[in-house]
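Residue numbers begin at 1 in each chain, while the letters A, B, ... track the order of the sequences.
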There are 2 protein chains.
Amino acid sequence: MGTTNEGERPPGPHPTGAAFLLAQLGAHAAKLFAERLVELDLTPPQGGLLRLLAGSPGRSQRELADDLGMPPSRFVAFADELERRGLIERRKNPVDRRLYAVHLTDEGGKVLAKLRKVGAEHERRMTEGLSEEEREQLTGLLRRLADRQGLSPGVHPGFRSVRAERSGRAERSGRRAGHREGVPGDGVGDGGSSM
Amino acid sequence: MGTTNEGERPPGPHPTGAAFLLAQLGAHAAKLFAERLVELDLTPPQGGLLRLLAGSPGRSQRELADDLGMPPSRFVAFADELERRGLIERRKNPVDRRLYAVHLTDEGGKVLAKLRKVGAEHERRMTEGLSEEEREQLTGLLRRLADRQGLSPGVHPGFRSVRAERSGRAERSGRRAGHREGVPGDGVGDGGSSM
DNA sequence: TATTGTTATACTCTATAACTATA
DNA sequence: TATAGTTATAGAGTATAACAATA
């Protein structure tokens with residue numbers, strides 16, 4: 001095995017398996033997406049919250065924090081920022097006055113629309129070089145793997161290192177039995193809670 | 001709509017594109033691999049260094065730090081730990097005495113061998129559910145994407161976090177202990193399955 | 001003067017644990 | 001007593017920059 005070491009590239013044989021490629025491409029995709037989000041002045045978790053609110057408005061901060069994988073204490077400043085920017089709003093729940101109902105504002109809806117556009121572009125950018133058939137082939141295989149690995153759709157534990165100058169991160173996931181809230185008008189281009 | 005939904009699964013439509021799946025599966029793969037590495041008392045970057053050293057021994061700390069994507073200042077404590085555990089060693093470069101030549105020790109080679117075994121298992125674990133043909137298909141597609149995205153093989157930037165659980169630091173004094181002249185011949189081939 | 005290895009400092013980010021107000 | 005939201009504190013981890021030795 002030639003272990004000559006001249007250039008800057010990491011020399012020697014490299015891992016080439018699917019697992020490594022997945023990790024590499026996944027980190028790349030997350031990083032690229034985070035960079036695109038900067039245009040909207042959003043971090044991945046922030047984008048994730050907007051998407052979440054579009055899917056099911058009016059939930060409590062604790063629930064949302066759980067979905068985003070952050071402690072409730074951290075969610076406060078997180079939501080403060082977005083509320084200050086007029087993208088979301090807190091409404092007091094009249095029934096249980098301990099709870100807030102978090103909603104998307106009109107402005108938040110506009111930003112979300114842009115977010116989806118960015119997500120769609122990101123999807124194309126990541127799969128460029130593949131034919132339509134190959135793209136479907138790939139997506140199918142990935143979906144099977146994700147299912148096999150028990151990854152629930154919609155949210156994934158975030159990569160860190162996505163320093164888009166603004167803070168924000170997500171990790172950990174608390175899953176429970178499934179039950180969804182069908183809310184119309186949510187196409188969702190792309191963008192996980194933290195991708 | 002019911003504000004309080006009992007189910008915790010994020011409601012509403014979810015992103016299903018290849019980009020999202022890549023990020024999700026990539027994070028999952030990295031996390032799973034990191035968990036396996038705990039058995040060897042290694043973090044992903046530590047494993048990465050061992051693999052790097054097997055591929056091309058004797059390089060300078062700066063070079064290695066660059067490959068691992070960490071600032072040279074951080075590499076110092078990073079290497080200190082592995083040297084303390086006897087997995088790597090620093091040898092002074094007689095030609096340019098500013099440089100260290102970092103090498104794998106025999107013990108480090110043994111750990112690397114285990115690391116590769118873990119990597120191979122991880123590869124199987126991540127691709128289970130696919131036929132041999134599908135696995136090759138997937139790997140081929142991923143490799144094309146990685147190439148298209150300009151990702152150089154061997155190292156990826158997803159490294160970070162992953163605490164080393166036990167940290168015996170707080171050594172203010174310089175370590176300046178004797179540098180043992182190591183033995184040449186790190187006969188560790190490479191399989192390259194260490195993410 | 002430039003570069004390697006190193007140390008020291010400052011800063012960012014985070015979770016943990018109180019504290020309040022409701023229930 | 002338990003829970004949602006909040007605040008405050010402390011700790012981990014990081015990069016930045018300064019420094020000494022060598023080129």
In whole angstrom, what separates [X]'s [atom1] from [N]'s [atom2]?
X         : N       : atom1 : atom2 : result
Asp96(A)  : dT3(D)  : CG    : C1'   : 8 Å
Asp80(A)  : dA4(D)  : CG    : C1'   : 15 Å
Tyr100(B) : dT6(C)  : OH    : C1'   : 10 Å
Asp66(B)  : dA15(D) : CG    : P     : 13 Å
Leu99(B)  : dA21(D) : CG    : C1'   : 12 Å
Asn93(A)  : dA21(C) : CG    : C1'   : 15 Å
Leu64(B)  : dT6(C)  : CG    : P     : 12 Å
Met70(B)  : dT4(C)  : CE    : P     : 17 Å

Evaluate the side-chain proximity of [Y] to [X]: yes if any heavy-atom separation is below 4.5 Å, no if none is.
X         : Y         : value
Arg59(B)  : Leu52(B)  : yes
Thr139(B) : Thr127(B) : no
Leu37(B)  : Thr43(B)  : no

Do any side-chain nitrogens or oxygens of [X] fall under 4.0 Å of OP1 or OP2 in [N]?
X        : N       : answer
Arg98(A) : dA23(C) : no
Arg62(A) : dG5(D)  : no
Arg90(B) : dT6(C)  : yes
Arg97(A) : dA4(D)  : no

(message) Closest approach to the side chain of Ser73(A), judged atom by atom: which nucleotide of dT4(C), dT16(C), dA2(D) is it?
(response) dT16(C)

(message) So if I take every side-chain heavy atom of Val76(B) and compare against dG5(D), dT14(C), dG5(C), which nucleotide ends up nearest?
(response) dG5(C)

(request) Show your working on side chain to side chain donor-acceptor pair (under 3.5 Å) between His103(A) and Glu89(A) and close with a plain yes or no. (result) CA-CA 5 Å; His103(A) 288 266; Glu89(A) 62 179 347; 5.9 Å; no

(message) Let me check the geometry of the helix from dT1(C)-dA23(D) to dA23(C)-dT1(D). What is the bend angle between the axes at its two ends, five pairs each, to 10°?
(response) 10°

(request) With heavy atoms under 4.0 Å as the rule, sort Phe75(A) into base, sugar-phosphate or nothing. (result) nothing

(request) Name the nucleic acid region contacted by Val95(A), choosing base, sugar-phosphate or nothing; use a 4.0 angstrom heavy-atom cut-off, strictly under. (result) sugar-phosphate

(request) May I ask you to decide whether Arg90(B) forms a salt bridge with Asp80(B), counting only side-chain N to carboxylate O separations under 4.0 Å? (result) yes

(request) Inspect the contact between Arg51(A) and Asp67(A) and indicate whether a charged nitrogen and a carboxylate oxygen are less than 4.0 angstrom apart. (result) no

(message) Judged by each residue's nearest nucleotide on DNA chain C, which is more toward the 5′ side, Ala77(B) or Pro71(A)?
(response) Ala77(B)

(request) Please report the shortest heavy-atom distance between Glu134(A) and Arg144(B), naming the atom on each side. (result) OE2-NH1, 2.7 Å

